[in-house]
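I have placed the structure first, in the form of structure tokens, so that the comments after it can refer back to it.
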Number of protein chains: 2
Amino acid sequence: MGVTDLTTAENAGDAVDLGILGSMIGYHLRRALGAFNIDYARAVAGTGIRQGLFGILSVIAANPGISQGMVGRALGIQRANMVALINELVGMGYVDREASPDDRRAFSLTLTAAGHAMLQESAVRIREHEELMLAGLTAAQRRSLAAMLAEIAAVEI
Amino acid sequence: MGVTDLTTAENAGDAVDLGILGSMIGYHLRRALGAFNIDYARAVAGTGIRQGLFGILSVIAANPGISQGMVGRALGIQRANMVALINELVGMGYVDREASPDDRRAFSLTLTAAGHAMLQESAVRIREHEELMLAGLTAAQRRSLAAMLAEIAAVEI
DNA sequence: TATTGTTATACTCTATAACTATA
DNA sequence: TATAGTTATAGAGTATAACAATA
């Protein structure tokens with residue numbers, strides 16, 4: 001791993017002291033995700049598969065027939081925000097939405113053949129993107145990082 | 001650290017398989033930051049100091065007289081987006097904005113006494129918030145996490 | 001009563017393009 | 001010509017409240 005100084009920001013040759021901010025994990029989380037987001041957009045350019053859409057495709061693929069609400073709860077997406085996302089995926093021809101046989105309020109979601117193909121294609125691109133972003137970390141460090149992030153995400157607030 | 005399963009999401013007793021998504025660092029980064037953001041808002045409620053504003057206060061405190069553009073570059077905030085943020089902080093009485101003696105295009109920023117006080121108060125709240133979010137990690141793990149995140153944020157895209 | 005999906009809405013963050021005044 | 005700050009604008013993510021249909 002490089003000799004990254006946590007307390008300063010380097011830009012165009014200028015090193016600026018971040019003050020107390022540099023010691024805060026939340027700040028580094030934000031900057032790391034910002035870098036991830038920029039490269040994610042590059043990696044999937046042209047596919048129309050934003051991060052949220054990829055997550056939905058992945059969860060439906062792993063749980064065919066799952067309801068819209070269950071997908072949202074698994075991914076931390078509000079019910080209200082799921083509507084437009086599922087509409088997009090249905091409109092793109094990647095998701096089939098049918099009335100659930102068990103519960104007439106709910107929808108049963110499955111991937112179409114095109115949806116499976118797009119999931120595979122975008123997964124390949126995203127893997128390459130992650131490889132680029134994590135090139136400075138060993139496999140053990142990546143596992144440790146993922147575990148720590150999952151631990152944080154699971155904190156009961 | 002807890003026995004967090006990276007491949008499933010637990011919600012109200014339901015364990016949902018995330019599929020390929022569960023193996024992606026970018027996803028765990030997003031969820032961890034989401035949890036951080038929710039608790040950050042709780043921690044600073046009533047202060048009006050959002051994450052971006054805190055960062056700006058911290059950088060100005062560590063670099064009195066710094067220009068608006070330098071602050072933005074240090075924090076990864078676009079020039080265009082800095083304007084409203086600095087306006088807010090000036091309006092709140094936390095930042096003094098004066099014409100730079102060296103360069104009449106630029107502004108020289110310093111904290112007011114109230115700005116220093118608010119930085120201190122919000123820093124205390126944010127430290128408590130980070131302690132809560134990182135309770136499951138040892139000090140060594142926190143250092144490792146911060147270093148890995150800084151490494152990721154520094155990747156040349 | 002509670003839940004599913006829906007609509008409407010709003011706030012924050014981020015991004016780009018074009019303008020002005022200075023350098 | 002390049003840079004500092006500004007304005008306008010747009011996309012994406014996330015949040016809440018209220019509603020209809022169904023459980």
Side-chain angles (χ1 to χ4, degrees), chain A residues 11-14 26-27 29-31 33-42 44-45 48-56 66-73 75-90 95 97-109 157, chain B residues 11-14 26-27 29-31 33-42 44-45 48-56 65-90 95 97-109 157:
Chain A
N11 290 89
D14 304 313
Y27 168 71
L29 255 181
R30 279 211 301 154
R31 295 302 299 268
L33 186 62
F36 250 80
N37 286 342
I38 291 170
D39 192 64
Y40 179 94
R42 175 203 59 74
V44 302
I49 301 300
R50 306 190 302 281
Q51 293 180 46
L53 297 180
F54 179 80
I56 294 171
I66 192 173
S67 75
Q68 189 170 313
M70 284 280 287
V71 174
R73 276 192 295 277
L75 294 173
I77 303 173
Q78 306 283 333
R79 279 197 313 285
N81 296 327
M82 282 295 294
V83 179
L85 296 171
I86 295 295
N87 282 344
E88 273 191 84
L89 291 171
V90 170
V95 167
R97 172 174 44 190
E98 296 178 4
S100 167
D102 316 324
D103 184 338
R104 280 159 45 202
R105 293 170 304 182
F107 285 141
S108 171
L109 305 176
I157 305 176
Chain B
N11 290 90
D14 304 313
Y27 168 70
L29 257 180
R30 279 211 299 153
R31 295 302 299 268
L33 186 61
F36 250 78
N37 286 342
I38 290 171
D39 192 64
Y40 179 93
R42 174 202 61 72
V44 301
I49 300 300
R50 305 190 303 282
Q51 293 179 46
L53 297 181
F54 179 80
I56 293 171
I66 192 173
S67 75
Q68 188 170 314
M70 285 281 286
V71 174
R73 277 193 294 278
L75 294 173
I77 302 174
Q78 305 284 334
R79 279 196 314 284
N81 297 326
M82 282 295 294
V83 180
L85 297 171
I86 296 295
N87 282 344
E88 272 190 85
L89 291 171
V90 171
V95 167
R97 172 175 43 190
E98 297 178 3
S100 167
D102 316 325
D103 184 339
R104 280 159 44 203
R105 293 171 302 181
F107 285 141
S108 170
L109 304 176
I157 303 177

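Below, chains carry the letters A, B, ... as their sequence lines are ordered, and counting in each starts from 1.
- Residues passing the ring-ring contact (aromatic ring centres under 6.0 Å, His included) test with B:Phe54, sequence neighbours excluded: none.
- Between the CE atom of A:Met70 and the P atom of C:dT4 there is a distance of 10 Å, given to the nearest Å.
- B:Arg42 meets the salt bridge (charged side-chain N to carboxylate O under 4.0 Å, His left out) test with B:Asp39; sequence neighbours excluded.
- With contacts defined as side-chain heavy-atom distances shorter than 4.5 Å, the pair A:Leu75/A:Met82 does not qualify.
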- request: Carefully, step by step, assess B:Val90 and B:Ile86 under the rule side chain to side chain contact (heavy atoms under 4.5 Å, CB included).
  value: CA-CA 6 Å; B:Val90 171; B:Ile86 296 295; 4.0 Å; yes
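- Taken over five-pair windows at either terminus, the axes of the helix from C:dT1-D:dA23 to C:dA23-D:dT1 are inclined to one another by 0° (rounded to 10 degrees).
- If you measure from atom CG of B:Asp39 to atom C1' of D:dA15, you get 16 Å, rounded to the nearest angstrom.
- Atom CZ in A:Arg31 sits 11.5 Å away from atom CG in A:Leu33 (nearest 0.5 Å).
- Annotation for B:Val44 and B:Ile49: closest pair CG2-O, 3.5 Å, computed over non-hydrogen atoms.
- The nearest whole Å value for the distance from the CD1 atom in A:Ile77 to the C1' atom in C:dT4 is 16 Å.
- Atom CZ of A:Phe36 and atom C1' of C:dC13 are 19 Å apart (whole Å).
- Put simply, CD1 on A:Ile86 is 13 Å from C1' on C:dT4, counting in whole angstrom units.
- Evaluation of the salt bridge (charged side-chain N to carboxylate O under 4.0 Å, His left out) rule for A:Arg50 yields A:Glu88 as partners, not counting sequence neighbours.
- You'll find the side chain of A:Leu109 stays beyond 4.5 Å of the side chain of A:Met70, heavy atoms only.
- One can place CZ of B:Phe54 at 18 Å from P of C:dT12, the figure rounded to the nearest angstrom.
- Rounded to a whole Å, the CD atom of A:Gln68 is 17 Å from the P atom of C:dT3.
- If you take CD1 of B:Ile49 and P of C:dT12, they are 12 Å apart, rounded to a whole angstrom.
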Atom pairs, N/O to N/O, protein against nucleotides 10-13 of chain D, distance under 3.5 Å?
unit_1	atom_1	unit_2	atom_2	d
D:dG13	OP2	A:Arg50	NE	3.0

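- The residue A:Ile38 sits close only to the backbone: its heavy atoms come under 4.0 Å of sugar-phosphate atoms, none of a base.
- Residues satisfying the side-chain hydrogen bond (donor to acceptor under 3.5 Å, both in side chains) test with A:Asn87, not counting sequence neighbours, are A:Arg97.
- Not counting sequence neighbours, the partners of A:Tyr40 by the ring-ring contact (aromatic ring centres under 6.0 Å, His included) test are A:His129.
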Heavy-atom contacts, protein to nucleotides 16-23 of chain C, under 4.0 Å, summarised as B (base), S (sugar-phosphate only) or - (none) per nt, yield BB---BBS
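- Take A:Arg105 and apply the salt bridge (charged side-chain N to carboxylate O under 4.0 Å, His left out) test, not counting sequence neighbours, and it matches A:Asp103.
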